[in-house]
Amino acid sequence: MKRTGKNTGKKILVCDLKREHGTIRGEVMRSVKRVLDSGWYILGKELEAFENEFAEYIGSSNAVGVASGTEGLQLALMALAVGRGDEVITAVNTAIPTAMAIVSAGATPKFVDIDEDTFNLDIRELERAITGKTKAIVPVHLYGNPCDIGGVMKIARKHGLAVIEDACQAHGASHNSRKVGSFGDLGAFSFYPTKNLGCYGDGGMVVTNNGKLAAKLRLLRNYGQATRYSCDIEGINSRLDEIQAAILRGKLRRLDRFNKRRSAIARLYGECLKDIGALELPSYDRNSKHVFHLYVIRCEKRDMLRDFLLKNGIETQIHYPVPLHLQGAFKGLGYRAGDFPRAEALSRKILTLPVFPALTDGEVMRICNCVRRFYNGRGRRLS
Ligand SMILES: Cc1ncc(COP(=O)(O)O)c(C=O)c1O
């Protein structure tokens, strides 16, 4: 990956997909042409090859391409026959789709608070949340940072619960050199365009070492059909199409290099921001590899800093501003403000700074200098 010190002065986005596309345009166009010319667009050779390549990359025996990460999670729950009357535990600060997938499978999400240092699910809270109705746990590797998956697996095995890893933000992340997604009974990935491995539309993948679950997933994603016009179980339409699979095959070959560049950007942020007392930088387990899908800091005067950065041409985001128990869609679950104090407090302080492989060192320096100027006084006057 090219590293330059050039500062273009242009607006910096949190994730600049147009610039990313510019770096791989030729290869993407060749992949699309290959599929268009083949005359075969759904469930064909490209998907089969990509499923094999992705399974090998993750270190799982099976991978099943689906239409999105959300449906990957939903189908994983359906494959385990988790549904009506069952509770599924997940982190309260995850992306909305984690919980929507649980609801779509017919089950009830049960939220737990998070560890203040890693922003991932607190496993002490996890054990306390288990009831007689709990059937599964969906731990999330938030921002690309592996959660305490060893701890989650221990608790799950002790209580006879299934584990579906939400690895939608964590392609290539690992714990003790083993890739996330391969620890649980199943693992779900998203290929939403901004992800570390993203396609040009929607897409997803479910991995599993269990051949029976993989076979069931293949039916479930294709109307429940085992052969054409014959079905024994109810399924949905959730397939990763040939064009997306062909593009993703090329991008998978670059994933480690892109992840390395994300880590280098994170290191540079760390070096440049570490002495600013008003900030707390991401922390992670030394036995884990964080792939920095998002670089999320905690900061004082978050909203003022955000305005200041924007006025200086730097976009930031908040992942996520409202924890799930306070979202209108989940009102019926009966949670109230104050139920998850750590996630609630963090949601008021977190800020996502730009990270994408084509971001230059010069741009990272520009962002850091702007943050420094804000805390040195100029920002407060400006906002
Ligand atoms: C943590 C998490 N889970 C699930 C999803 C759902 O993935 P998709 O957008 O592909 O449905 C996403 C992506 O937005 C995510 O970030």
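Counting starts at 1 for both ligands and their atoms, in listed order.
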If you have a sec, work out which protein heavy atom is nearest [atom] and how many Å separate them, to one decimal?
{"atom": "atom 3 (N) of ligand 1", "result": "D166 OD2, 2.7 Å"}
{"atom": "atom 16 (O) of ligand 1", "result": "Q169 NE2, 2.8 Å"}
{"atom": "atom 14 (O) of ligand 1", "result": "K195 NZ, 3.2 Å"}
{"atom": "atom 10 (O) of ligand 1", "result": "S190 OG, 2.6 Å"}

Practice item. Check whether NZ of the Lys or CZ of the Arg R262 lies under 6.0 Å from the centre of the six-membered ring of F356 and within 45 degrees of that ring's axis. Key: no

Practice item. Answer yes or no for R286 and Y284: cation-pi contact, defined as NZ/CZ to six-membered ring centre under 6.0 Å and angle to ring axis within 45°. Key: yes

Point to revise | Remaining members of the apolar cluster that contains L13, side-chain heavy atoms under 4.5 Å | key: none

Point to revise | Pairing residues for E280 by the salt bridge (Lys or Arg N to Asp or Glu O under 4.0 Å) criterion, not counting sequence neighbours | key: R298

Exercise for review: Verify whether the ring centers belonging to Y57 and F50 lie closer than 6.0 Å.
Suggested key: no

Check your understanding: For ligand 1, which atoms have a heavy atom of S68 less than 4.0 angstrom away?
Key -> 10 (O), 11 (O)

**Study point:** Proximal atoms of ligand 1 relative to C168 (non-hydrogen, under 4.0 Å)
**Key:** 2 (C), 3 (N), 4 (C), 5 (C), 12 (C), 15 (C)

Check your understanding: Taking the minimum heavy-atom distance to atom 6 (C) of ligand 1, which of T94, T70, V140, L73 ranks first?
Key -> T70

Revision key, fill the gap. Looking only at non-hydrogen atoms, the one of G201, P97, A95, G69 nearest atom 5 (C) of ligand 1 is P97

Check your understanding: How far apart are the C-alpha atoms of N209 and S61, what are their side-chain angles, what is the distance that settles it, and do they pass the side-chain hydrogen bond (donor to acceptor under 3.5 Å, both in side chains) test?
Key -> CA-CA 5 Å; N209 287 315; S61 5; 3.0 Å; yes

Review point. Is there a nitrogen or oxygen of Y192 sitting under 3.5 Å from a nitrogen or oxygen of ligand 1?
Key: no

Practice item. Assess D202 for proximity to ligand 1: is some non-hydrogen atom of it under 4.0 Å away? Key: no

Exercise for review: Verify the distance criterion only: is there a donor paired with an acceptor across the side chains of R306 and T316 at less than 3.5 Å?
Suggested key: yes

